[in-house]
Amino acid sequence: VLHQATKSAVRWQESTDVNQIRVRQYVSSSGQVYAVSWDGPAMPDVTVLLGTWFDRYRQEASAALPNAGGLHSSRVSSGDLMVETAVRLRDFSGRAWLLSALPAGVTAADIE
């Protein structure tokens, strides 16, 4: 099911997996996925969500947080790729987007 925000160009598909992790894929009018977001009681498989962008995310997050025990809380800004992840009391959340792919009228604040 494709959802659209009222009075906005923001469109997304939403799913919830067996672990109760909600994932939104933000889709342009041409069908291109330009952003994803997630939240739930566990971290989703970020390698799947980020696809070919995962290696860049992992490298940048690791370089930014050399003493971190994992990638559960990070902010990566690497060229076109933006990724934010956080965890608080077993509530994992995150979002990722490609700056150049944001449709006209859509900002990072629209990715929830």
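Just so we're clear, the structure is a prediction, and the values are computed from it rather than from any experiment. In this chain, numbering begins with 1 at the start of the sequence shown.
A distance of 9.5 Å separates CD1 of I21 from OG1 of T16, quoted to the nearest 0.5 Å. Atom CG in L81 sits 10.5 Å away from atom OG in S100 (nearest 0.5 Å). For the atom pair L50 CG and D55 CG, the distance stands at 10.0 Å (nearest 0.5 Å). The CG atom of L49 sits 6.0 Å away from atom CH2 of W38, with the distance rounded to the nearest 0.5 Å. Here CG of D17 is found 10.0 Å from CG of D45. Values are rounded to the nearest 0.5 Å.
By the 4.5 Å heavy-atom criterion applied to side chains, Y26 and V33 are not counted as neighbours. Side-chain contact between Q13 and S15 is absent, with no heavy atoms from C-beta onward closer than 4.5 Å. Put simply, the side chain of Y34 does not reach to within 4.5 Å of the side chain of Q25, judged on heavy atoms. No side-chain heavy atom of V46 sits less than 4.5 Å from a side-chain heavy atom of V48.
Closest approach of G79 and L99 over heavy atoms only: O-CD1, 3.8 Å.
Between the S28 side chain and the Q32 main chain, a donor and an acceptor come within less than 3.5 Å of each other. The backbone N or O of E112 sits less than 3.5 Å from a side-chain atom of S37, completing a donor-acceptor pair. Using modelled atom types, one side-chain atom of D110 and one backbone atom of T107 make a donor-acceptor pair closer than 3.5 Å. Not one N or O on the side chain of Y57 forms a donor-acceptor pair closer than 3.5 Å with the backbone of M82. At distances below 3.5 Å, not a single donor-acceptor pair connects side-chain atoms of R58 with backbone N or O atoms of T47. No donor-acceptor pair under 3.5 Å is formed between the side chain of D80 and the backbone N or O of L98.
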Quiz item: Passes side-chain contact (heavy atoms from CB on, under 4.5 Å), R24 versus I111? Steps please.
Solution: CA-CA 9 Å; R24 285 186 174 180; I111 302 164; over 6 Å; no
Exercise. Might you work through the salt bridge (charged side-chain N to carboxylate O under 4.0 Å, His left out) test for R22 and E14, ending with a clear yes or no?
Key: CA-CA 7 Å; R22 181 184 63 141; E14 185 172 299; 3.5 Å; yes
